[in-house]
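These notes are about the structure you will find just below.
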Amino acid sequence: MGLRVAVFASGGGSNFEALVKNAEHYSIELLVSNRSDIGALKRAERLGIQAHVINPTTFNTQSLYIDKVIHLLKEKHINHIALAGYLAKIPSQLIAEFSGLILNIHPSLLPRFGGKGFYGKHVHHAVIEAKECVSGATVHIVDEEYDTGPILLQESIPVLEDDTPDSLALKILAIEHKIYPKSLNLIGQERVKLHNGHITILPD
Ligand code: GRF
């Protein structure tokens, strides 16, 4: 059946688009968003990818929300989830159901500048404040904690003296657009092995 991926996004969706456009060994079947007013939905329409808005705050109970998401994913035969700027919490039941099969992209060199509160511009502000000389992006497998799961790919860039959070964000976004599709292509080629919380990438 191959690698059938649902992307979860809450924002502009540039990673979502990069994932769609660079899919060689996987297919993006679905976009799931928790908001109805975001750029990612417009991109889905333009790219011809089915999109669903599922807002956890509109369900009476969390279990109704989880049932809805899991039902949708099963119906579309989704076997991997790629979080791409998804700002709602992923319920632990979904993490358990898709154990080792949910990826996230983070705009820093994890474990540096990860965890609660480190999202969007906050990350790049913190990197500059700390006078770091490198930063970058990380693709990792999602576990129960924020940004702590096994790391699949990372790429770094120098932080220059005149960098601002905005300039850093732009440069790192360009890296994200490379390493996120690359990660999924590696998984699609069955070259990623997860064992005891560590990832090994097999040669081509
Ligand atoms: C990216 O910087 C990603 O690392 C972070 O959220 C941002 C999403 O950007 N998790 P976009 O919506 O893909 O353009």
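Just so you know, ligand 1 is whichever comes first in the structure, and atom 1 is the first atom listed for that ligand. Note that the structure is a prediction, hence the values are computed from the model and not measured.
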Donor-acceptor contact present, side-chain R4 to main-chain E29, <3.5 Å:
no
Write down, by chain and number, every protein residue that brings a non-hydrogen atom to less than 4.0 Å from an atom of ligand 1.
G11, G12, G13, S14, N15, G85, I105, H106, P107, L173, E176
Determine yes or no for a side-chain-to-main-chain donor-acceptor pair under 3.5 angstrom, with S183 supplying the side chain and V139 the backbone.
no
Listed pairs under 3.5 Å, donor-acceptor, residues 191-198 side chains, sequence neighbours left out:
residue	atom	partner	partner atom	Å
R191	NE	L202	O	2.8
R191	NH1	Q189	OE1	3.4
R191	NH2	L202	O	3.2

How does the hydrophobic cluster around Y65 look, that is, which other residues are in it when side-chain heavy atoms under 4.5 Å mark a link?
F8, L30, V32, I54, F59, L64, I66, V69, I70, L72, L73, I78, I81, L83, Y86, I90, L94, I95, F98, L101, I102, V142
Check for a donor-acceptor pair, side chain of N185 on one end and backbone N or O of H25 on the other, with a separation under 3.5 Å.
yes
What side-chain donor-acceptor pairs closer than 3.5 Å can you find for residues 114-130, not counting sequence neighbours?
residue	atom	partner	partner atom	Å
K121	NZ	D166	OD1	2.8

